[in-house]
Amino acid sequence: MSAIGELRTLRRTGRGRLSPAQKEAEAKERRRDSRAALVFLAPWLVGLFGITVGPVLASLYLAFTDYNLLQDPNFVGLENVQRMLGDERLGRSLAATLTYVVVSVPIQLVVALALAYLLDRGIRGLAFYRSVLYLPSLLGASVAIAVLWRLVFGGEGLVNAFLGLFGITGPAWVAEPETALGTLIVLHVWTFGAPMVIFLAGLRQIPRQYYDAAATDGANRWQQLRSITLPLLSPIIFFNLVLGLIGTFQSFTQAYIVSNGSGGPTDSTLFFSLYLYQEGFAGFRMGYASALAWLLLLIIGAFTALNFWASKYWVFYDD
Amino acid sequence: MTTETLATPDPTIDPAAEPGDRPLTVTQRRRRPRILAHVGLILVAVVMLYPLLWMVTSSLRPNDQIFTHPGLFVDTFDLSHYPDGWNALSKPFGSYLLNSVVVVLGSVVGNLVSCSMAAYAFARLKFRAKTVAFAAMLLTIMLPVHVLIIPQYVLFAQLGWINTYLPLIVPKLLATDAFFVFLMVQFVRGIPRELDEAARIDGAGHARIFLQVILPLMVPALATTTIFTFIWTWNDFFSQLIFVTDPDLYTVPVALRQFIDAQSQSDFGALFAMSVVSLVPVFLVFLFGQRFLLRGIATTGGK
């Protein structure tokens with residue numbers, strides 16, 4: 001069961017009804033275990049409060065201050081929010097990030113699903129294909145690949161060298177405001193191997209008898225895909241979608257390297273986290289950057305909540 | 001997290017198994033020759049690998065040929081880019097590799113120790129507020145690093161940890177990579193409880209059950225954790241860029257970034273060469289640890 005599934009179950013299962021004797025035994029075991037649990041969980045608890053919950057609350061406070069790392073923070077009320085409303089770079093950053101997320105996540109998942117479906121049909125050389133297609137998703141987040149992308153899509157890069165063979169003079173893809181974001185979307189789609197492997201595992205769990213029964217009843221491939229594969233795979237599609245969105249909203253390295261830290265040309269690749277980095281760690285406007293961080297958290301939270309709400313209408317759980 | 005996933009080692013399915021392991025059924029026996037599928041797959045595979053192969057061959061070409069040759073065939077091998085790139089920055093590239101190795105090793109050890117301990121508690125112990133704690137752990141998996149990074153920076157700055165590797169390693173020692181806690185919880189749940197009971201009857205306490213019964217049996221989960229921690233830490237740019245600003249302490253990603261600035265925009269061969277060098281460890285881990293990677297990532301089990 002995935003983390004998302006766990007959260008669903010936790011929400012649904014309350015404490016079961018127990019007999020007094022069972023309760024007594026349970027209480028005894030709990031007393032015995034509690035001290036051990038404290039020891040085993042000690043590092044995690046320190047981490048949870050010290051470098052997760054504490055910082056989350058601290059950044060909420062800093063979001064309402066003018067903190068600049070050198071002087072003590074002053075409470076400034078909603079000044080940072082006001083500033084956001086008039087911040088044109090923030091607008092362009094949100095546009096770039098949302099476009100990137102909304103375009104690249106679905107494309108990546110469709111490609112991943114299509115190839116997983118192809119590989120699941122009992123094809124020879126499965127292990128080879130799977131390895132080759134999976135490898136880019138391990139390398140994709142690295143600086144080296146972002147550097148490579150800069151050169152592949154540069155004015156004199158690989159892509160244009162190919163186009164040149166057909167007499168086409170391509171633009172400097174990474175340097176044009178219209179195409180720079182597109183190169184990053186291509187890079188994200190290129191790393192479809194990870195969701196593909198998850199889809200592949202999910203496809204394997206669908207009992208073959210379902211397909212046999214459907215085939216006996218005269219259902220063709222397309223009908224089988226629509227009525228068996230997609231419904232049974234929908235929890236995994238949902239899982240990949242939720243995690244894909246959360247992860248993609250936080251993309252940083254690719255945009256940083258391809259634009260050499262600027263988010264350019266004309267802020268077209270100014271991912272939210274890159275803008276946050278510029279404000280906080282280059283401009284030392286830590287108060288404003290904290291406000292940005294909370295805006296990001298709220299946006300991701302809203303997207304995730306929307307997803308969970310919508311999942312009622314298309315995700316099929318057979319439990 | 002980027003495209004990383006929450007995985008569940010499920011012993012009943014082996015993602016590395018071949019389709020032939022599964023008994024053939026009616027639909028499969030009726031399959032037609034799959035030449036079209038193979039042609040399509042090979043095309044996709046070539047497109048996927050092409051940029052990587054081009055990077056390797058470009059690192060072996062004289063600079064003036066790199067961008068005029070989109071092909072993969074190299075006729076004049078020029079190995080000089082490797083020593084050139086190795087010595088292009090203020091320190092030899094080997095020292096950045098070593099720095100990255102230190103950070104990676106610290107992170108791996110930290111994750112193995114702290115996450116396995118937490119996982120044992122969540123999977124085997126009964127304690128107050130367990131449901132709440134477990135839910136909190138799951139939620140932290142999805143928390144964006146950005147809401148933490150500024151206060152963490154302030155905290156680590158006050159501790160005098162900026163320009164050390166402590167901000168990169170200490171959080172791992174405190175099980176903040178909750179993803180791995182979850183992965184291990186799932187794994188421990190699959191270990192029969194009778195083994196714990198038997199050890200308890202023999203007088204073993206939780207410490208001994210954990211160390212002598214559970215840990216040896218969860219080696220596959222530990223291997224998956226090791227491999228993913230290695231790759232993600234090796235590739236991690238955001239936190240290394242923020243916490244390590246002293247050029248002597250640069251790790252590989254930050255050093256490579258420096259390369260783009262330092263190189264006059266002409267020595268692309270050297271840039272390619274060091275990019276290749278920086279990817280070799282990840283590639284090797286992929287090659288030898290693939291089974292654990294796939295097991296970890298594939299058996300997510302949905303739902």
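So you know, we letter chains A, B, ... as the sequences are listed, proteins then strands, and number each from 1. Note: hydrogens, waters and symmetry copies are ignored here, and every other heavy atom, side chains too, is used.
Contacts between Phe281(A) and chain B at a heavy-atom distance below 4.5 Å involve the side chain alone, from C-beta outward. Using a 4.5 Å cut-off between heavy atoms, Tyr277(A) contacts chain B through its side chain alone, with no backbone atom that close. Neither the backbone nor the side chain of Met274(B) comes within less than 4.5 Å of any heavy atom of chain A. At a 4.5 Å heavy-atom cutoff, the contact between Leu133(A) and chain B is made by backbone and side-chain atoms alike. With a 4.5 angstrom heavy-atom cutoff, Val56(A) touches chain B via backbone and side-chain atoms both. For chain B, the nearby part of Leu115(A) is the side chain; its heavy atoms alone come within less than 4.5 Å. Using a 4.5 Å cut-off between heavy atoms, Tyr61(A) makes no contact with chain B at all. Interface residue Leu138(A): backbone and side-chain heavy atoms are both found under 4.5 Å from chain B. For a residue to count as touching a neighbouring chain, one of its non-hydrogen atoms must lie under 4.5 Å from one of that chain's; by this rule Ala133(B) touches chain A with backbone and side chain alike. For chain B, no part of Leu45(A) is nearby; none of its heavy atoms comes within less than 4.5 Å. If you measure heavy-atom distances from Tyr256(A) to chain B, the contacts under 4.5 Å come from the side chain alone. Using a 4.5 Å cut-off between heavy atoms, Tyr120(B) touches chain A through its side chain atoms alone. Interface remark: Leu200(A) contributes no atoms to any contact with chain B (heavy atom separation under 4.5 Å). Heavy-atom distances place no part of Ser234(A) under 4.5 Å from chain B, backbone and side chain included. The contact between Ile231(B) and chain A is made entirely by side chain atoms (from C-beta outward), counting heavy-atom distances below 4.5 Å.
For the pair Leu245(A)/Thr304(A), no side-chain contact is recorded, criterion being any heavy-atom separation below 4.5 Å from C-beta on. Side-chain contact between Val185(B) and Phe134(B) is present, with at least one heavy-atom pair separated by less than 4.5 Å. Contact annotation: the side chain of Val147(A) never approaches that of Arg257(B) to less than 4.5 Å [non-hydrogen atoms, C-beta and beyond]. When side chains are defined from C-beta on, Gln250(A) does not count as touching Phe272(A), because their heavy atoms never get closer than 4.5 Å. Taking the side chain as every heavy atom from C-beta outward, Val147(B) and Leu296(A) never approach each other to under 4.5 Å. Counting only heavy atoms from C-beta outward, the side chains of Phe238(A) and Tyr317(A) approach each other to under 4.5 Å. Using a 4.5 Å heavy-atom cutoff, the side chains of Val186(A) and Trp149(A) are in contact. Counting heavy atoms from C-beta outward, Leu151(A) and Leu148(A) have side chains that stay 4.5 Å or more apart.
Most heavy-atom pairs under 4.5 Å with chain A, from the set Ser58(B), Ala45(B), Ser116(B): that is Ala45(B). For the options Ser114(B), Ser278(B), Ala135(B), Ala207(B), heavy-atom pairs under 4.5 Å to chain A are most numerous at Ala135(B). Here Leu241(B) is the residue among Leu49(B), Leu241(B), Val113(B) with the most heavy-atom pairs under 4.5 Å with chain A. The greatest number of non-hydrogen atom pairs below 4.5 Å with chain A, out of Leu287(B), Val47(B), Val44(B), Leu52(B), is found for Leu52(B). Comparing Ala42(A), Ala293(A), Pro55(A) by how many heavy-atom pairs each has under 4.5 Å with chain B, the most go to Pro55(A). In terms of non-hydrogen atom pairs under 4.5 Å with chain A, the most contact-rich of Tyr153(B), Trp234(B), Phe210(B) is Tyr153(B). Among the candidates Ile237(A), Leu233(A), Thr52(A), the residue making the largest number of heavy-atom pairs closer than 4.5 Å to chain B is Thr52(A). In terms of heavy-atom pairs under 4.5 angstrom with chain B, the leader among Gly140(A), Ser290(A), Ser131(A) is Ser131(A). Taking Val132(A), Ile300(A), Leu165(A) one by one and counting their heavy-atom pairs under 4.5 Å with chain B, the maximum is reached by Val132(A). Counting heavy-atom pairs under 4.5 Å between each of Leu48(A), Leu69(A), Leu135(A), Leu57(A) and chain B puts Leu135(A) at the top. When each of Ser142(A), Pro136(A), Ala161(A) is scored by its heavy-atom pairs under 4.5 Å with chain B, the top score falls to Ser142(A). With respect to chain A, the highest number of heavy-atom pairs below 4.5 Å among Asp236(B), Thr140(B), Ile42(B), Leu155(B) belongs to Ile42(B).
For the pair Asp120(A) and Arg208(A), the salt-bridge criterion is met [side-chain N within less than 4.0 Å of a carboxylate O].
Residues of residues 170-177 of chain B having a heavy atom under 4.5 Å from any heavy atom of chain A, listed by number: Pro171(B), Leu173(B), Leu174(B), Ala175(B), Thr176(B). Listed by sequence position, Glu156(A), Gly157(A), Leu158(A) are the residues of residues 153-160 of chain A in contact with chain B, using a 4.5 angstrom heavy-atom cutoff.
Rounded to the nearest 0.5 Å, atoms CE (Met196(A)) and OG (Ser137(A)) are 8.0 Å apart. Note that the OG atom of Ser275(B) and the CZ atom of Phe268(B) stand 11.5 Å from one another [nearest 0.5 Å]. If you take NZ on Lys130(B) and CG on Asp33(A), they are separated by 8.5 Å, rounding to the nearest 0.5 Å. To the nearest 0.5 angstrom, Leu125(B) atom CG is 13.0 Å from Arg35(A) atom CZ. With values rounded to the nearest 0.5 angstrom, Tyr67(A) atom OH is found 15.5 Å from Arg285(A) atom CZ. Phe272(B) contributes atom CZ, which lies 8.0 Å from atom CE of Met55(B) (distance to the nearest 0.5 angstrom).
A search for side-chain contact (heavy atoms from CB on, under 4.5 Å) contacts involving Leu60(A) returns Phe64(A), Trp294(A), not counting sequence neighbours.
The closest donor-acceptor contact from the side chain of Arg150(A) to the backbone of Ile257(A) lies under 3.5 Å. Although no hydrogens or angles enter the test, the distance criterion places no donor-acceptor pair under 3.5 Å between the side chain of Glu279(A) and the main chain of Met286(A).
Residue pairs satisfying the ring pair (Phe, Tyr, Trp, His ring centres under 6.0 Å) criterion with at least one member in residues 123-146 of chain A, sequence neighbours excluded, are listed as follows: Tyr129(A)-His38(B).
Side-chain contact, Arg189(B) with Gln186(B): a donor N or O sits under 3.5 Å from an acceptor N or O.
Proximity of the aromatic rings of Trp44(A) and Phe122(B) is defined here by a centroid distance below 6.0 angstrom, and this criterion is met. Within the 6.0 Å centre-distance limit, the rings of Trp232(B) and Phe179(B) are counted as a close aromatic pair.
Shown are Thr233(B), Thr251(B), Thr245(B); of these, the side-chain hydrogen bond (donor to acceptor under 3.5 Å, both in side chains) with Gln240(B) is made only by Thr251(B).
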